[in-house]
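Per chain, numbering begins at 1; letters A, B, ... match sequence-line order. Just so it is clear, the values below take in all heavy atoms, side chains as well, and ignore hydrogens, waters and symmetry mates.
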2 protein chains.
Amino acid sequence: MSENLQCTDTLHSRGFRVTPQRMVILRILQEADTHLNPTEVYQRAQHAMPGLTEATVYRTLAFLTDQGMVLAAHIGSGQLVYEIAGHAHHHLICRACGYTLEIEHELLAELYRLFKVSTGYQIDSLHTTFFGLCPECQAPELNNVA
Amino acid sequence: MSENLQCTDTLHSRGFRVTPQRMVILRILQEADTHLNPTEVYQRAQHAMPGLTEATVYRTLAFLTDQGMVLAAHIGSGQLVYEIAGHAHHHLICRACGYTLEIEHELLAELYRLFKVSTGYQIDSLHTTFFGLCPECQAPELNNVA
DNA sequence: TTCGCTATTGTAACTAGTTGCAATAAAGAG
DNA sequence: CTCTTTATTGCAACTAGTTACAATAGCGAA
């Protein structure tokens, strides 16, 4: 609830409007414990607000991402998913079983400093995705000899 | 040319067919000095092979990516681009001007080792994209005081 | 070389995502 | 409370990307 109030203030102070559509979509992302793709957001929003269109969902997600209230990430080939902007974190996704692990941003902070020093680029990706194999899915390929 | 022969052998040895469509698309990616999106690949392919369809371009790019001959990367919101698989590298993209810098994989190797130790995940992303601000685009926001 | 198997392509219909524009409604002024 | 401004929405048409299925064509076998 307090998060919603905070978002309301932020929007007001930046000259944007607080609309029920935006509040519904923010609420959905806050209550989700994981990332959602636009269609999932749309489906959940239908319950709270049957008239809401998919175009508005796409536009609102992009808008909230621009405002830094929501983080967008790519998972798999082309799928964009969204998540409420909380603690900065990144994803390790197993490309075999799809299991997703969150890692703290602090693990990448040193890398970002290295980028800054060696290239001048100030990186601010807060939601980077890395693909690989989780421990379970490495096993069949490596340990089946014995 | 020798790269094409190598790809031919690889496809044969894995039981896949060597088709003119695949060769054309591989050639285009080899001759491009940068990454291309599917539409750009399609347009260039039209010259060499007018009958080629866009569906085949999408399918072939996904296929070549699966085979490890081509690398796919996300740039911007939802755009997937492709690049011939050569040296492993990653991208730093300026979200203000869009300028893209390549960085060697070696810079991320230590991070991957850290992932492996702390989570067990064996990361193999060879084409990760980081967003931020390039040195020129940082200037107006930071240095305009004096 | 010819044949047969089947991976691959092209077609066309489909789903996903975007955008222009008129209608609506948030929010400040009176 | 009412009016005015204009950001935002819904609609509908659009572009981008995917997929089912029949036709085509690699390529190994004879």
When you measure from the side chain of [X] to the backbone of [Y], do you find a donor-acceptor pair of N or O atoms at a distance under 3.5 Å?
{"X": "A/Q138", "Y": "B/G120", "answer": "yes"}
{"X": "A/S13", "Y": "A/T10", "answer": "yes"}
{"X": "B/Y99", "Y": "B/L133", "answer": "no"}
{"X": "A/Q46", "Y": "A/L52", "answer": "yes"}
{"X": "B/T19", "Y": "B/R22", "answer": "yes"}
{"X": "A/T119", "Y": "A/K116", "answer": "no"}

Starting at [atom1] of [X] and ending at [atom2] of [N], how long is that distance when rounded to a whole Å?
{"X": "A/R14", "N": "C/dG28", "atom1": "CZ", "atom2": "C1'", "answer": "20 Å"}
{"X": "A/E40", "N": "C/dA16", "atom1": "CD", "atom2": "P", "answer": "12 Å"}
{"X": "B/R22", "N": "C/dT8", "atom1": "CZ", "atom2": "C1'", "answer": "6 Å"}
{"X": "A/N37", "N": "C/dA16", "atom1": "CG", "atom2": "P", "answer": "9 Å"}

>> Just to verify, what does B/N37 make a side-chain hydrogen bond (donor to acceptor under 3.5 Å, both in side chains) with, not counting sequence neighbours?
In response: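 Once residues adjacent in sequence are excluded, B/N37 has no partner under the side-chain hydrogen bond (donor to acceptor under 3.5 Å, both in side chains) criterion.
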
>> If you take any heavy atom closer than 4.0 Å to DNA chain C, which residues from residues 49-66 of chain B end up in contact?
In response: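 B/G51, B/L52, B/T53, B/A55, B/T56, B/R59, in order of number.
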
> Within the structure, does a side-chain N or O atom of A/Q21 lie under 4.0 Å from either OP1 or OP2 of C/dA25?
Replying inline: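 Checking A/Q21 against C/dA25: no side-chain N or O falls below 4.0 Å of OP1 or OP2.
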
>> Applying salt bridge (Lys or Arg N to Asp or Glu O under 4.0 Å) as the test, list every pair that has at least one member in residues 122-135 of chain B; sequence neighbours left out.
In response: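 Residue pairs with at least one partner in residues 122-135 of chain B: A/R95-B/D124.
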
> When the aromatic ring centroids of A/F63 and A/F16 are compared, is their separation below 6.0 Å?
Replying inline: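 That pair passes the under 6.0 Å test.
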
>> Restricting to side chain to side chain contact (heavy atoms under 4.5 Å, CB included), what partner residues turn up for A/L71, sequence neighbours left out?
In response: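 A/L71 satisfies side chain to side chain contact (heavy atoms under 4.5 Å, CB included) with A/A85, A/L126, A/H127 once adjacent residues are dropped.
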
>> Five pairs per end, C1' atoms only: what is the angle between the end axes of the helix from C/dT1-D/dA30 to C/dG30-D/dC1, to 10 degrees?
In response: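 That helix has its two terminal axes inclined by roughly 30°.
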
>> Does the protein touch nucleotides 23-29 of chain D at the base, only the backbone, or not at all? Give it as B, S and - per nucleotide, heavy atoms under 4.0 Å.
In response: --BBS--

>> Going by side chain to side chain contact (heavy atoms under 4.5 Å, CB included), A/V81 matches just one of A/E40, A/H35, A/H74, A/H91. Which one?
In response: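 Among the candidates, only A/H35 passes.
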
